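Just so you know, these numbers come straight off a predicted model, no measurement behind them. The chains referred to below are lettered A, B, ... by the order of the sequence lines, with proteins before strands, and numbering in each begins at 1. Hydrogens, waters and symmetry mates play no part in the numbers below; they use all other heavy atoms, side chains included.
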Amino acid sequence: MAHAVEIKELHKSFGDLEVLKGIDFTVDEGQVVCVIGPSGSGKSTLLRCVNLLEQPTKGKVTVGGVELTDPDVDIDAARRRLGMVFQSFNLFPHMTVLQNVMIAQRRVLRRGKDEAERVARENLDKVGVGAKCDAYPPQLSGGQQQRVAIARALAMDPDLMLFDEPTSALDPELVGDVLSVMRKLARDGMTMLVVTHEMSFAREVADRVVFMDGGVIVEEGPPDQVIGDPQHARTRTFLKRVLDPTHSEDDGASGVDEAPAR
Amino acid sequence: MTDQPMTAEPVGPAGQVPGKGRLSPRKRQRISRGIQYALLIAVVVVVAFLTNWKGLGENFAKIDVAKQALPDVFTVALKNTIIYTVGGFVFGSLGGLLLALMRLSSVRPYRWIATVYIEIFRGLPALLIFLLILFLPLALPGFEVPGGTYGQGILGLTIVSSAYMAETLRAGLQAVPKGQSEAARSLGMSHSRAMISVVIPQAIRIVIPPTTNQFVSLLKDSSLILFLGMSGEYVELTKFGNDLASTTSNATPILVVGLTYLLVTIPLGYLAGRLEKRQAKER
């Protein structure tokens, strides 16, 4: 069976800084894969290489059987099948919520006005912001904005959804709404690649968890293994810091592989 | 002065007792303010006495001369000034947008062309541009600017304003967060579609206040069209005032024309200020 996403020997450098140092991994259809790791480990860059918002320096990215890194590929056409949700929402502030969800359907998929509006309302209802159709994004809370962003991506009927730390810019009490939308999506069988710091979400929803550090994949596997019983010292240190931030300094021994404190 | 002697000055618990012969800062400020007002009144009185009001009135505010300016100052001169300015503004905005996009393009020759154009025409006086247009037929025999005098005037203002608009619009385009075009591209929009639907509309909103000020300065620059030496139905405000002042040997038309400019520029300046404030609030 073809993989939904297949990444081979992926390298990415920004100038002299090598952010990704040879990544190999796959996502199967219908799978939810969560990528975790400390900031600066290259998780977001990896995600942005999957829809070519960043041009890989070396390596192959294949999505749905199409090799995106092939220079002959129509990247706009390929991106239509990939939904992307950003940390900072990136809704279009000069359009209403409804227009935000309709614009790409109209201009990219060339759907008629009525159909685009129907699809938009359907998806906005699905994420629970159907009542906000005529509002402008700045009038909404962060949680509502992020759910509109999810609806905007879903309206394009993507085969794969990419989430780049979708809850990191939210107030803590708004995180739950967004996560429950994502949980529902996963249950409906959407293929998802999620960069996140929400360990309980990863543990509950992910089929597979990938731990990255320093531009390489350190460890991957089922969530109960990677989060519940990590094999590598680096994974253990990271999880300890994330799951119990107040006591991370008590334990000096597990910081073996970590760079000295900044 | 109503100042009390030092000893009567009340001293608060936190205030220091002023030293002998020294005034408190607040008191010193009050005295200085008083002196300034007194001087100002003196200057106004002296100027009012020395001014030849009758002569001034005869030359700058003669009612029957002012009446001669009506209604042409509005129906012909102001109308033409607005035609020149709006024409220059519309074509200048389009040209400016094109130059701004060229300047931000990844195609190097586009960037060069735009940079050279902007640097040259921002650096030249507007008057020089009009003189050049006047000599165009000499340089290119048989060439005529379409639209006659209107065309020439609008061409001159377009050349000047497109250079300025290009820089304003470039700043506006760069002020749109990068995430906006990334979001558009990840929805499958092409680069140009993302520009048209997402980036440019936001950039235009950002540059509306500075652009209003640019419109005002363009309106004033339109006075330089008088050097094109047009006549009759094509005159704009300054030329109109100047001509009428010559025929009547009286400066009143200049004053009338000046007031007509202010009639347009002051509300526009006020509008620009309001737009700027509103935008600052939205951020």
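Taking a 6.0 Å sphere around OH of B/Tyr150, one finds it holds more than 12 heavy atoms contributed by other residues, nucleotides or ligands. Other residues, nucleotides and ligands contribute only 12 or fewer heavy atoms inside 6.0 Å of the NZ atom of A/Lys132. Counting heavy-atom neighbours within 6.0 Å of B/Phe135 CZ, excluding the residue itself, gives a total of 12 or less.
Considering all non-hydrogen atoms of both residues, B/Leu187 and A/Ala104 come closest at CB-CB, 3.8 Å. Taking both residues in full, the closest heavy atoms of B/Ser197 and A/Arg107 are given as OG-CG, 4.3 Å, listed atom of the first, atom of the second, then distance.
Heavy-atom distances place both the backbone and the side chain of A/Arg152 under 4.5 Å from chain B. For chain B, the nearby part of A/Leu82 is the backbone; its heavy atoms alone come within less than 4.5 Å. Contact annotation for A/Leu162: neither backbone nor side-chain heavy atoms come within less than 4.5 Å of a heavy atom of chain B.
The CZ atom of A/Arg79 sits 12.0 Å away from atom CE of B/Met189, with the distance rounded to the nearest 0.5 Å.
With contacts defined as side-chain heavy-atom distances shorter than 4.5 Å, the pair A/Pro93/B/Gln180 qualifies. Looking at heavy atoms from C-beta onward, A/Arg48 lies in side-chain contact with B/Glu182 at the 4.5 angstrom threshold. Between B/Pro201 and A/Phe92, the closest side-chain pair of non-hydrogen atoms is not below 4.5 Å.
Ion pair B/Arg185/A/Asp76 flagged as a salt bridge, since at least one NZ, NE, NH1 or NH2 atom sits closer than 4.0 Å to an Asp/Glu carboxylate oxygen.
In this view, B/Ser162 and B/Tyr117 satisfy the side-chain hydrogen bond (donor to acceptor under 3.5 Å, both in side chains) rule, not counting sequence neighbours. Partners of A/His11 by side-chain hydrogen bond (donor to acceptor under 3.5 Å, both in side chains), not counting sequence neighbours, listed by chain and number: A/Glu9, A/Glu18. A/Asp177 meets the salt bridge (Lys or Arg N to Asp or Glu O under 4.0 Å) test with A/Arg147; sequence neighbours excluded.
Heavy-atom proximity under 4.5 angstrom to chain A picks out nothing from residues 96-112 of chain B.
Proximity of a side-chain donor or acceptor of A/Asn51 to a complementary backbone N or O of B/Ser186 within less than 3.5 Å is not detected.
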